[in-house]
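Notes to accompany the following structure.
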Amino acid sequence: MAEQNDTNERTDRWTAVDHYTFNHLHANKPSATPSPSSLQHALSTSQARGLPDIAVSPSQGKFLKLQAQIARAKNILEIGTLGGYSTIWLASAGPDVSVVSIEVSEKHAEIARANIAHAEYAERVDVVVGAGLDVLPRLVEEVGMGRRERFDFLFVDADKENNWAYVDLSLGMMRRGAVVVVDNVVRKGQLARDDTGDSRVEGVRKLIESVGMDDRLDGVVLQTVGEKSYDGFLMAIVNS
Ligand SMILES: C[S@@+](CC[C@H](N)C(=O)[O-])C[C@H]1O[C@@H](n2cnc3c(N)ncnc32)[C@H](O)[C@@H]1O
């Protein structure tokens, strides 16, 4: 029965709503930023180069852009670049926005840089190749030495096992009132189970429980459905 979704898989209805709304609110709008053609280019070159189809959806990308604008973010940190699709959305939050995006794969980073350049954001985006756990301490040191500004916005979308380590490390270089967004935290509802044996679910549970115990952060999880199935974001604000 079409209206039911017992397996939590994507449905045509969720996809149709995403397409309908995104087409009206962005893709068919002449003034849309980033340009729909640059977004499509990023997705099609990523697919042609064999990257997995695990970028945020168009509507989720726009949500990230709007969240960054609401936070008046100028310095954005992203962990997990893939082909640069979400990076392009984040860079589009304003002409004075800079993005540092950390990616462990040299190949992904190379594709991302080309996609970001095609979208005309290369001057404001630095794709850093390396494992998040190696790169973040270097950035913390640079911020501590005053060689780099504090970040206003963090988007975490890499290996889920290290979600909390990424947020914990990044807090040392974020300003008070900064926003943290972590993708893929609901995982088709597996989040509420403690017996999955899935290290990614365990990574997300550690994130949720750690944020809940940490007075530096105030957070919430929003469940989402859409063309990328049933999942959700953790959003938090940095209190201190
Ligand atoms: C879900 S994809 C990112 C999607 C991208 N944020 C988007 O929406 O367009 C996850 C990316 O994280 C990268 N990654 C995995 N482990 C990592 C690590 N330890 N450090 C940095 N990046 C990592 C993967 O290579 C992959 O490109």
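All figures in this text were calculated on a predicted structure; none of them were measured in a lab. Every number for a ligand or one of its atoms is a count from 1 in the order of the listing.
- Taking every heavy atom of A55 and a limit of under 4.0 angstrom, the matching atoms of ligand 1 come to 7 (C), 8 (O), 9 (O).
- Between V181 and V179, some side-chain heavy-atom pair lies under the 4.5 Å cut-off.
- Of the heavy atoms in Y166, only side-chain atoms (C-beta onward) come closer than 4.0 Å to ligand 1.
- Close approach to G130 involves these atoms of ligand 1, each under 4.0 Å from a residue heavy atom: 20 (N), 21 (C).
- Note on D152 versus K74: no salt bridge recorded, every NZ/NE/NH1/NH2 to OD/OE distance being 4.0 Å or above.
- Side chains of I76 and F151 form no contact here, defined as non-hydrogen atoms less than 4.5 Å apart.
- Not a single N or O atom of A158, backbone or side chain, sits closer than 3.5 Å to an N or O atom of ligand 1.
- H26 and F22 have parallel rings, their planes meeting at less than 30° on a 0 to 90° scale where 60° marks the start of perpendicular.
- Defined by atom type and a distance below 3.5 Å, a donor-acceptor pair is missing between the side-chain atoms of E120 and S38.
- Looking at D96 and R72, no side-chain N of the basic residue comes within less than 4.0 Å of a carboxylate O on the acidic one, giving no salt bridge.
- Those atoms of ligand 1 that come under 4.0 Å of a heavy atom in D157, given as number and element, are 1 (C), 2 (S), 3 (C), 4 (C), 5 (C), 6 (N), 7 (C), 8 (O), 10 (C), 11 (C), 12 (O).
- Nearest non-hydrogen protein atom to atom 23 (C) of ligand 1 is V104 CG1, 3.5 Å.
- Contact annotation for N162 and ligand 1: no heavy atom of the residue comes within less than 4.0 Å of the ligand.
- Side-chain contact between L133 and N162: present, with at least one pair of heavy atoms (C-beta onward) separated by less than 4.5 Å.
- In the candidate list S86, G132, A42, S101, S86 is nearest to atom 9 (O) of ligand 1, counting heavy atoms.
- With atom 15 (C) of ligand 1 as the reference point, the heavy atom nearest to it among D159, L64, N184 is part of D159.
- Close approach of ligand 1 to A131 (heavy-atom distance below 4.0 Å) involves ligand atoms 20 (N).
- Among protein heavy atoms, atom 25 (O) of ligand 1 sits closest to E103 OE2, 2.6 Å.
- Looking at R49 and E110, a side-chain N of the basic residue comes within less than 4.0 Å of a carboxylate O on the acidic one, giving a salt bridge.
- For ligand 1 and V56, the ligand atoms under 4.0 Å from any heavy atom of the residue are 7 (C), 8 (O).
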